[in-house]
Amino acid sequence: MLKRTPFDQGDKQNSMITAHEVDKRFGKICALDGVSFEVERGTVVGLLGPNGAGKSTLIRILTTLLKPDSGYVRVAGLDAVSDGKRLRSIIGLAGQSAAVDELLTGRENLELIGLWYHMPKKEYRRRAQETLERLSLVGEADRQVKTYSGGMRRRLDLGASFIADSPVLFLDEPTTGLDPRTRNELWQLVEERVAAGATVLLTTQYMEEAEHLADKIVVIDKGKVIVEGTSGELKAKTGGAILEARVVHAADISRASLLMASLGRGEPRSDIDQRKVSIPAREGAELLLEAGRMFQEAGISLEDIGIRRPTLDEAFLVLTSGTQPLDIAKPSNQEATR
Amino acid sequence: MTDVKIPNLDARVPHLELYLALRDAAGVAKRNLLRTVRTPELLLYSIQPVMMLVIFRYILGGAINSADVPGGSYVDFVVPSIFLTSGLVGAMTSAIGMAQDLKSGIVDRLRSLPMARSAVVTGRSLTDLIRSVIGLGVMIAAGVAVGFRFHSDLGHIILGIILVLALGYSFCWINAAIGMAVKDPSSAISASTGPTFLLMFASNAIVPTNTLPGWLQPIARNQPLSVTASAIRALFQGEPATHYVWLSIAWSAGISVCFFLVSYSLYTRTVKK
Ligand SMILES: Nc1ncnc2c1ncn2[C@@H]1O[C@H](COP(=O)(O)OP(=O)(O)O)[C@@H](O)[C@H]1O
Ligand SMILES: [Mg+2]
């Protein structure tokens, strides 16, 4: 019978997608290095990471397109290597490059995918029609996809992954390169599937997208999971606070930046246009006072100085920068987040 | 959707599996045919052999002494070979189509679907078979128009046509494998041109083999294209053909089986990595 993978008891009861210690190398490149995470039933997890982080490789392993070198992945308890065929019957995939056929019409594309999900003809025709309605592509249904705009293609591609009402969806950078309006439309489509009970793993390079759609964010870089949690938890983990100063004279920016480096952790970021310098730092009034004193001694006039919560983008930058400026484990003023 | 229904594939009867695999392949073939009729460039490949027919019949045909030609009529000698080469040239679209699919993200999606893994490959060859039946029909009509005549009974003619289609079909498998190996549509064209044209010119298809260099003659006489050309010439002219018919069948079957296995393993290779 089925070869049992070790650590069976390790899967949480409710885990719909499980990756356990997944390694994958391409020659010398180590694309995934011991990646583990879980996606609970009915939730959305955002796999967040820069280009080359290993997101697509992970999605390809989860959808049985690639075999892991070691470790295992499961979807709904089905092992991707030993139970690939059953696994494929319950998933939908929208890969990174749009997988719709340019020379076919939107309807033909959807109907064929329905056929390949082994639906009877009547059913795939009905579902194709329903999906086109949902995608607002009814008017374009019988035109070749090559006449579609980029956004329409992406919608169709996404719709194709939904057509079988698959309970588990994998979406690889579904909105990369799209304008904000189209992105919002796609978000809505994903939200509809989630409302219908689907479990979704999506990858993205955009913090905003992960924050908007995902219940949990897994940050991955250079093939490793760096941190995971809700967006609030991630913000807290980056050090909790950002010290930000706005100087009066733009000419003072570089000096201000040097000065700030001694006050916070990691690299200060400066924005010449806004005359702003910011750096992750600890919280507390003393820091603010100390900063004020140091600026005064250096003779840099300030328009404003303060401590604020980091944006998720800042958290992301800190988390994925190769340097390890933040001692996340250090019991500072932030409560344990997990 | 709260509870995931996982199909019990073990409970499926084998003939249902086979039915689904064929249905998947038919879907792939339908898609490929739709793509073919919507790609004018690919249709060019079907018209090219008609040009060849005209060139060989009226331009080169004059230069070749009919006395050198077995049977004595260059039209009846060359036209069946052109039927054959048109099949082989048409089979090059297999390489292009396969490479196009691999280059786009489409194969990734297909591999993520519960469809039979063999469907992409068998569907591709089904497409090619349908395309070659149509192509051959056009070629026969064109051949008759330039003066080619059958001189045998219907049974032999049909057997000859089947041999032509079978060889073309076996070449589809070679080209599908080439397309998968190179993964790029334009390299696929050049890579598949090689074997096809080599076989075409080092054969008895266009000129009788006794006009070729001595060392090449035994190879040229026994390679798949030549034996099939000899077989169909004999079949169409009502001459004894048994020896060549069997050789041709052996070649087509051998090539098909070998290159189906190569194609199938290339197709699933990435998954096995
Ligand atoms: N088929 C492949 N062959 C060789 N290297 C690959 C292959 N696929 C991905 N890689 C490499 O693995 C790393 C991770 O790639 P990928 O998973 O595509 O990242 P992401 O999707 O996060 O941008 C990259 O360095 C990439 O170049
Ligand atoms: Mg990617």
Side-chain angles (χ1 to χ4, degrees), chain A residues 16 24 26 41-42 56 59-60 62-67 69 75-78 81 83-105 108-109 111-118 144 146 157 160-161 164-168 170 172 193 196-199, chain B residues 1-12 16-43 97 100-120 123 267-273:
Chain A
M16 188 64 114
K24 180 73 194 176
F26 296 105
R41 180 180 296 241
S56 297
I59 295 279
R60 290 169 59 81
L62 283 161
T63 52
T64 77
L65 305 180
L66 278 179
K67 227 174 154 179
D69 294 341
V75 178
L78 302 171
V81 176
D83 228 348
K85 197 162 183 187
R86 282 203 290 173
L87 191 160
R88 288 193 286 276
S89 69
I90 57 160
I91 63 167
L93 165 70
Q96 186 165 356
S97 45
V100 284
D101 203 311
E102 301 258 294
L103 295 174
L104 304 193
T105 67
E108 285 164 349
N109 267 292
E111 288 188 351
L112 278 169
I113 302 231
L115 182 150
W116 290 322
Y117 269 111
H118 296 159
Q144 283 183 49
K146 67 177 180 197
D157 193 42
S161 68
D165 273 343
S166 306
V168 186
F170 295 93
D172 195 1
R193 299 316 303 158
T199 304
Chain B
M1 204 191 278
T2 42
D3 250 302
V4 179
K5 275 187 251 100
I6 295 165
N8 182 0
L9 300 185
D10 300 336
R12 273 197 196 159
L16 177 63
E17 286 297 308
L18 182 64
Y19 164 74
L20 287 176
L22 290 175
R23 186 169 175 259
D24 292 341
V28 173
K30 179 183 167 190
R31 161 188 177 263
N32 292 343
L33 286 172
L34 286 171
R35 284 179 61 85
T36 308
V37 298
R38 291 173 194 172
T39 317
E41 305 91 272
L42 286 186
L43 285 179
Q100 274 173 342
D101 286 354
L102 284 173
K103 211 177 180 192
S104 70
I106 285 176
V107 164
D108 266 4
R109 160 156 284 148
L110 298 187
R111 280 200 186 121
S112 78
L113 293 172
M115 73 193 286
R117 288 248 153 140
S118 59
V120 170
Y267 179 72
T268 49
R269 187 181 52 180
T270 28
V271 193
K272 298 281 183 306
K273 243 193 221 164

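Computed from a predicted model, the values in this text were never measured in an experiment.
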Evaluate the criterion side chain to side chain contact (heavy atoms under 4.5 Å, CB included) for residue pair B:Arg38 and A:Leu104; output intermediate values, then yes/no.
-> CA-CA 9 Å; B:Arg38 291 173 194 172; A:Leu104 304 193; 4.0 Å; yes
All heavy atoms of B:Asp108 vs all of A:Leu65, minimum pair found to be O-CD2, 3.5 Å
Please tell me if the side chains of A:Leu115 and B:Arg23 come closer than 4.5 Å, counting only heavy atoms from C-beta onward.
-> yes
Taking the side chain as C-beta and beyond, is there a heavy-atom pair between A:Glu102 and B:Gln100 under 4.5 Å?
-> no
Which distance, rounded to the nearest 0.5 Å, do you find between the CG of A:Asp101 and the CG of B:Asp101?
-> 7.5 Å
Check step by step if salt bridge (Lys or Arg N to Asp or Glu O under 4.0 Å) holds for A:Lys85 and B:Glu17.
-> CA-CA 12 Å; A:Lys85 197 162 183 187; B:Glu17 286 297 308; 3.1 Å; yes
Tightest non-hydrogen contact, residues A:Ala160 and B:Arg109, listed as CB-NH1, 3.4 Å
Between atom OG of B:Ser112 and atom CG of A:Leu62, what is the distance when rounded to the nearest 0.5 Å?
-> 12.0 Å
So what's closer than 4.5 Å to chain B heavy atoms on A:Ala94: side chain, backbone, both or neither?
-> both
Which bit of A:Asp157 is near chain B, if near means a heavy-atom gap under 4.5 Å: side chain, backbone, both or neither?
-> both
Can you tell which part of A:Gln96 gets under 4.5 Å to a heavy atom of chain B, answering side chain, backbone, both or neither?
-> neither
Rounded distance [0.5 Å steps], CD in A:Glu111 versus CZ in B:Arg31 | 15.5 Å
Proximal component of A:Leu87, with respect to chain B [non-hydrogen, under 4.5 Å] = neither
Value rounded to 0.5 Å, distance of CD1 in A:Ile91 from CG in B:Leu113 | 8.0 Å
Mind checking whether A:His118 and B:Asp24 have side chains closer than 4.5 Å, heavy atoms only?
-> yes
With a 4.5 angstrom heavy-atom cut-off, could you sort out which part of B:Val28 is near chain A: side chain, backbone, both or neither?
-> both
Using non-hydrogen atoms only, which part of A:Leu112 is less than 4.5 Å away from chain B: side chain, backbone, both, or neither?
-> side chain
